[in-house]
Amino acid sequence: MTIFAAPVFDATVIYDGHELFKGQGAAKGWAEKLAKELECAIGVEKIGTGWVLTGTVDGEACKWSIVGQRLKRMD
């Protein structure tokens, strides 16, 4: 099962129209899962009042937030 199909039950906050992880610890836990699936380094970054996952995939910088209790790449 892909990590993108797993529900995110951690607390979230809305900032600038994006649903973000409320806590750094929760974001780090999901970053570890995403790193394992994508086989690349994934970190976390604070944006406003929440946390997003960050990494570089195929040479492109990416950020992931939450949409409908699922991880989704931010545009």
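Remark: the Thr54 side chain and the Glu45 side chain contain no N/O donor-acceptor pair separated by less than 3.5 Å.
Taking CG of Asp10 as the reference point, atom CD1 of Ile66 lies at 7.0 Å (rounded to 0.5 Å). Leu53 contributes atom CG, which lies 8.5 Å from atom OG of Ser65 (distance to the nearest 0.5 angstrom). The structure places CZ of Phe4 at 5.0 Å from CG of Leu34, a figure rounded to the nearest 0.5 Å. Here the CD-CG distance, from Glu60 to Asp58, works out to 8.5 Å after rounding to the nearest 0.5 Å. Rounding to the nearest 0.5 Å gives a distance of 9.5 Å between OG1 of Thr49 and NZ of Lys22. Atoms NZ and CH2, on Lys46 and Trp51 in that order, are 5.5 Å from each other to the nearest 0.5 Å.
Side chains of Trp30 and Ile3 form a contact here, defined as non-hydrogen atoms less than 4.5 Å apart. A heavy-atom distance below 4.5 Å is found between the side chains of Thr2 and Glu37. Counting heavy atoms from C-beta outward, Lys63 and Ile47 have side chains that approach closer than 4.5 Å. For the pair Cys62/Thr56, no side-chain contact is recorded, criterion being any heavy-atom separation below 4.5 Å from C-beta on.
Tracing side-chain contacts under 4.5 Å through hydrophobic residues (I, L, V, M, F, W, Y), one reaches Trp64 starting from Val44; they form part of the same cluster. Residues Val67 and Val52 fall into different hydrophobic clusters, defined by Ile, Leu, Val, Met, Phe, Trp and Tyr side chains chained together at heavy-atom separations under 4.5 Å. Under the 4.5 Å side-chain heavy-atom criterion for grouping Ile, Leu, Val, Met, Phe, Trp and Tyr, Ile14 is not connected to Met74 through any hydrophobic cluster.
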- Query: When you look at Tyr15 and Leu20, which way does the side chain to side chain contact (heavy atoms under 4.5 Å, CB included) test go after all the steps?
  - Reply: CA-CA 7 Å; Tyr15 181 79; Leu20 311 176; 3.8 Å; yes
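No more than 12 heavy-atom neighbours from other residues, nucleotides or ligands sit within 6.0 angstrom of NZ on Lys36.
The two residues Ala35 and Cys40 come nearest to each other via the heavy atoms CB-O, 3.2 Å.
Here Glu19 does not pair with Arg70 in a salt bridge; the nearest charged N to carboxylate O distance is not below 4.0 Å.
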